[in-house]
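Please read the structure below before turning to the comments.
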Amino acid sequence: MIMALTQASGFNKLHDHILLQRYFTKCRQRSTCSVVKVFHRRYGGRLQVEQYQHVLCARGVELSPSVIGDSGDETEEDIAKETLIWRAIKLPIYSVAFVPLTVGSAAAYLQTGIFSARCYFVLLASSVLVITWLNLSNDVHDFDTGVDKNKKESVVNLVGSRKGTFIAAYLCLALGFAGLAWTAVAEKNIRSMLFLVCAIICGYIYQCPPFRLSYQGLGEPLCFAAFGPFATNAFYLLHGGPSVMNHVPLSGTILSASILVGLTTSLILFCSHFHQVEGDKEVGKMSPLVRLGTEKGAEVVKGAVLMLYVLLAAFGLTKL
């Protein structure tokens, strides 16, 4: 009898194993991640629980929420508030304030031999404030359209106040713009201020009503223009000194560099939409990834990175 029970148990395990393999084959054909591998890496001993759930799915049995909850999986509710705050801050995004400024300053130093640390750090602080406005106002307007209704790291959802986030966003814009304008007046360079105003306008029509051009798939071109030709060239003009830069045309060096900055920044924006394609579709946000799909989008990323290095090599060889 013991042998019969053992044999029956063995057949059941074999049957479950075959079903599991068939299920994972179907998952791979649909480009679905293997949850078992993820949980084996992260939780080790919970592999069997996750496998059991997949076998039930393969048999067509729908698991109840209570059964899934009992397996000890990490859910969005389990994420610590500190982690959500860190995600909301989006610290790496502030590199888009640092990079155009540093590239523009370096090009101006190459051209004129002049560098002002005071000017650099005032512009950096002002740029960070403008990027903070972009970050906060984007959360406000995405909250309005429903894109961020399930996004726990949204600033509006964390703070619990749309109005407070909105006021903080435009306070940052006012302070940032004041710093940029003060520097432009001090350097007596109106051309640079025109470039910076154009960059801020690009940011506004990208996300704010009634324009919301990001919903029409125009976010990447606007990002390219704002952080590439407009911002990088503006910072270049502000760093060369009023006696020089008011009479010097934009050089091939700064124009080439601004193209590279614009491309990389647009590529970052493009990649940031991979995880939210379904959410964008639901609210009618026709980003390039929604139109292309993630598979074609991944090919676009590869092509863009290749083009970036080809341009870099070409600009270098032509001494731009």
Side-chain angles (χ1 to χ4, degrees), residues 19-42 47 50-51 53-55 57-58 60 62-63 68 73-76 79 87 90 92-93 95-96 99 134-135 138-139 141-142 145-154 202 206-207 212-228 259-314:
L19 284 173
L20 189 64
Q21 293 304 316
R22 287 177 183 172
Y23 179 74
F24 285 144
T25 302
K26 288 180 180 178
C27 286
R28 282 193 291 269
Q29 289 171 352
R30 296 173 188 168
S31 300
T32 305
C33 295
S34 174
V35 181
V36 164
K37 290 182 181 177
V38 174
F39 277 85
H40 184 260
R41 266 200 315 272
R42 293 177 58 190
L47 176 62
E50 199 63 30
Q51 281 182 336
Q53 291 182 8
H54 277 298
V55 170
C57 292
E62 184 176 350
L63 292 175
I68 296 174
D73 300 351
E74 181 182 22
T75 63
E76 284 296 318
I79 298 175
R87 290 180 184 178
K90 300 174 186 172
I93 202 174
S95 64
V96 300
V99 172
L134 278 173
N135 188 14
N138 184 65
D139 277 6
H141 297 304
D142 280 350
T145 58
V147 174
D148 284 356
K149 64 180 179 181
N150 296 319
K151 187 178 178 182
K152 296 185 181 297
E153 65 267 27
S154 165
C202 286
Y206 162 76
Q207 62 189 4
R212 287 186 175 138
L213 295 185
S214 62
Y215 282 69
Q216 311 305 319
L218 297 175
E220 282 71 15
L222 287 170
C223 183
F224 173 85
F227 293 99
I259 289 172
L260 297 177
V261 172
L263 277 174
T264 51
T265 312
S266 300
L267 188 58
I268 291 169
L269 176 63
F270 184 84
C271 290
S272 71
H273 292 139
F274 270 94
H275 72 290
Q276 58 188 48
V277 171
E278 294 304 320
D280 288 348
K281 281 181 183 178
E282 288 178 7
V283 297
K285 186 174 183 179
M286 300 305 293
S287 67
L289 269 177
V290 170
R291 298 176 188 273
L292 292 171
T294 53
E295 289 188 13
K296 288 183 180 177
E299 295 303 316
V300 169
V301 172
K302 293 176 185 176
V305 172
L306 178 62
M307 183 175 68
L308 179 69
Y309 283 101
V310 168
L311 284 174
L312 183 60

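Keep in mind that what you see is a predicted model, and the values were worked out from it rather than measured. Heavy-atom basis, side chains included; hydrogens, waters and symmetry copies ignored.
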TODO: Go through Met307 and Leu263 one step at a time and tell me if the side-chain contact (heavy atoms from CB on, under 4.5 Å) criterion holds.
DONE: CA-CA 9 Å; Met307 183 175 68; Leu263 277 174; 3.9 Å; yes
TODO: Starting at OH of Tyr309, measure out to CG of Leu260 and round the result to the nearest 0.5 Å.
DONE: 10.5 Å
TODO: Please report the shortest heavy-atom distance between Phe270 and Leu292, naming the atom on each side.
DONE: CZ-CD1, 4.3 Å
Task: Criterion side-chain contact (heavy atoms from CB on, under 4.5 Å) on Val290 and Lys285, from CA distance to verdict - done: CA-CA 8 Å; Val290 170; Lys285 186 174 183 179; 5.9 Å; no
Open item on the list: Nearest 0.5 Å, please: how far is CZ in Arg291 from CG in Asp280?
Closed with: 11.5 Å
- [ ] Taking all non-hydrogen atoms of both residues into account, name the closest pair between Thr265 and Cys223 and its distance.
- [x] CG2-SG, 3.5 Å
Task: Shortest non-hydrogen separation from Asn138 to Gln207 and the atoms involved - done: CB-OE1, 3.0 Å
Open item on the list: Let me confirm one number: the OG1-NE2 distance from Thr294 to His275, rounded to the nearest 0.5 Å.
Closed with: 13.5 Å
TODO: Start with the C-alpha gap between Tyr206 and Leu269, add the side-chain angles, then the distance that decides, and say whether side-chain contact (heavy atoms from CB on, under 4.5 Å) holds.
DONE: CA-CA 12 Å; Tyr206 162 76; Leu269 176 63; 3.5 Å; yes
Open item on the list: If I take atom OG1 from residue Thr264 and atom CD1 from residue Ile259, how far apart are they, to the nearest 0.5 angstrom?
Closed with: 12.0 Å
TODO: Working to the nearest 0.5 Å, report the span between CG of Leu267 and OG of Ser272.
DONE: 10.0 Å
Task: Backbone N/O of Glu220 and side chain of Ser266: donor-acceptor pair under 3.5 Å - done: yes
Task: Salt-bridge contact Lys302-Glu299 (side-chain N to carboxylate O under 4.0 Å) - done: yes
TODO: Kindly compute the distance separating OG1 (Thr145) from CD (Glu282), expressed to the nearest 0.5 Å.
DONE: 11.5 Å
TODO: Quick one: do Lys90 and Asp139 satisfy side-chain contact (heavy atoms from CB on, under 4.5 Å)? Show the steps, please.
DONE: CA-CA 12 Å; Lys90 300 174 186 172; Asp139 277 6; 3.7 Å; yes
